[in-house]
Chemist: 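I have a structure here, written as structure tokens, and I will follow up with some questions on it.
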Amino acid sequence: MLLPLGGAGEIGMNFNAYGFGPPDERKWIVVDCGVLFGRETETPGVDIIMPDIRWLAEQREDVLAIVLTHAHEDHIGAVGHLWPELQCPLYATPFTARLIEDKLFEAGITERVRVNIVPLHGHLNLGPFSIDFLSITHSILEPNALAIRTPLGTVVHTGDWKIDPEPLLGEKTEINALRKIGDEGALALVCDSTNALVQGHSGSEADVRTALTDLIGTLKGRVAVTGFASNVARLDTIAKAARTHGREVALVGRSMHRITKAARDTGYIEDFPRLVSEEEAAQLPPDRILYLCTGSQGEPRAALSRIAAGDHPTVSLGPGDSVIFSSRIIPGNEIGIHALHNKLAALGVEVLTVEDHFVHVSGHPARDELAEMYRWVRPQIAVPVHGELRHLAEHARLAKSLQVPQAVVIQNGQMLRLAPGRAEIVDEVPAGRMFLDGRIRVHEGEGFARTRRALGFAGLVAVTLVLDQRGRLAADPAILFEGIPDAVHPPVREAVAETTRRYNPRSGKEQDLAENVRRAARRAAADVWGKKPITRVELART
Ligand SMILES: [Zn+2]
Ligand SMILES: [Zn+2]
């Protein structure tokens, strides 16, 4: 059985459960436990979204383990939040394990759970599941595909991947192992769909190294480069390019320090150039500095946004300086990133992006790479995951065109039986999203996101009507306006006053009064403003 509870319908919050055995004694393993980042426009005030796993949590005695494929947030970000619901062992390769430990620490559960370290190319037996870790290439250290064997056959779960012949750091793709699984006969390929709509090939980190090194050589003044801190090969490229052109490197932003430390602790980047502190960098001539900054997605609290706003304690940029965005725009972040570009431009800083310079390659397989993977593994069944529905559907079409006998588009909560020659959706269990709102976890069905969006769109009017013991109005209505233009206040006051004047406590009901006032206030606002605020009417007693 394959049961995705996250990632089948969105790029983010990946969570796939694999089950084996008859329903009353079925054992489960979970592959990945990630988050999705909230968007201010859709879920105001919510930074972190994760899968609703209550169905699986109800049978947690039968959940044998969570296996993590790699350390991106959309694969490990929810471990600290969701582990308490499953309380099962965790397994990951060394670099991934190191970053998971940070998550457990943040969640305050380090005492209760340890991460079991699986060596690269390692093997794991968990109940009926026999699992091989296969090295693959992606945009982070230690990405793994899993070959999950059961008596019914072998499922290859790719995790996130691309085919990078020169990943620069870490292992290359274990093509022979994948081919061998194909030779033995693979039941299913459960595969990354992120770039199923992209033609061609994603390109190699080695090509970016050449291009970025050349580009940095042409720049005068201070240079800041921003990108994903988790792409250690890219950080290494940038640091070495800086050295090539006589620049010292300073890391700016917490995750830059955190990730490079984890990479060092696990034996990577031993030849990473020596770093200088932000303070030391500030003393150097402009053409001797390169800053590696967090904040490529326009995150307001990250280093680059603070630098652009002029409120970073040690780093400042101005005319003659350059910022390279060595990353793509994650859909949904366009507005924030463009605002950041504008702020930098206002400082006189030149902004260099992937739009006109070769400064980034994707970590996910484009269509030629997907086709290559299908040629290696030759599965009976293709199950696209890690995508929105449009990605999954296109990936399934591509798989069929590559002669895969069956390709199944599956959504979160659907239970797919994988058996030789036939895959079938046999059940549907509760699934959905949980929001981390401040410190509280709430179900998306509680619906507050809608109210917050409405508040953002048209503000709030709160009316308090004070009635005496006989139901007569005891005072003038008190009206509170929040987020509403001044011009709207008088007509709303007038409408409320008019409605209360017409109220006769002997013939009218108090609840009707409240509702009439509410409607009158909204109508009056709409007449002058063209928008209806959220309106609340409260009845109070003397
Ligand atoms: Zn991912
Ligand atoms: Zn990834």
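Remember, it's a predicted structure, so these values are computed and weren't measured experimentally. All ligand and atom numbering here is 1-based and tracks the order in the structure.
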Chemist: At distances under 2.8 Å, what protein N, O or S atoms surround the Zn ion (ligand 2)?
Modeler: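 The answer is His70 NE2, His72 ND1, His138 NE2, Asp160 OD2.
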Chemist: Taking only Lys NZ, Arg NE, NH1 and NH2, and the carboxylate oxygens of Asp or Glu, determine whether Asp164 and Lys172 approach each other closer than 4.0 Å.
Modeler: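 Not counted as a salt bridge, because no side-chain N and carboxylate O are separated by less than 4.0 Å.
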Chemist: Calculate, to the nearest 0.5 Å, the distance between atoms CD1 and SG belonging to Ile53 and Cys33 respectively.
Modeler: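 Here the rounded value is 6.0 Å.
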Chemist: Checking one value in my table: which N/O/S atom of His386 lies closest to the Zn ion (ligand 1)?
Modeler: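 The nearest such atom is NE2.
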Chemist: Less than 4.5 Å apart, any side-chain heavy atom of Val385 and any of Ser193?
Modeler: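 No; the side chains remain at least 4.5 Å from each other.
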Chemist: Under a 4.0 Å threshold between the charged nitrogen and the carboxylate oxygen, would Lys261 count as salt-bridged to Asp265?
Modeler: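 Answer for the salt bridge query: yes.
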Chemist: Would you sort out whether His75 and His72 count as a ring pair (Phe, Tyr, Trp, His ring centres under 6.0 Å), showing the intermediate values?
Modeler: CA-CA 5 Å; His75 297 259; His72 276 146; 7.0 Å; no
Chemist: Can you tell whether the side chains of Arg417 and Asp427 come within less than 4.0 Å, N to carboxylate O?
Modeler: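 Not counted as a salt bridge, because no side-chain N and carboxylate O are separated by less than 4.0 Å.
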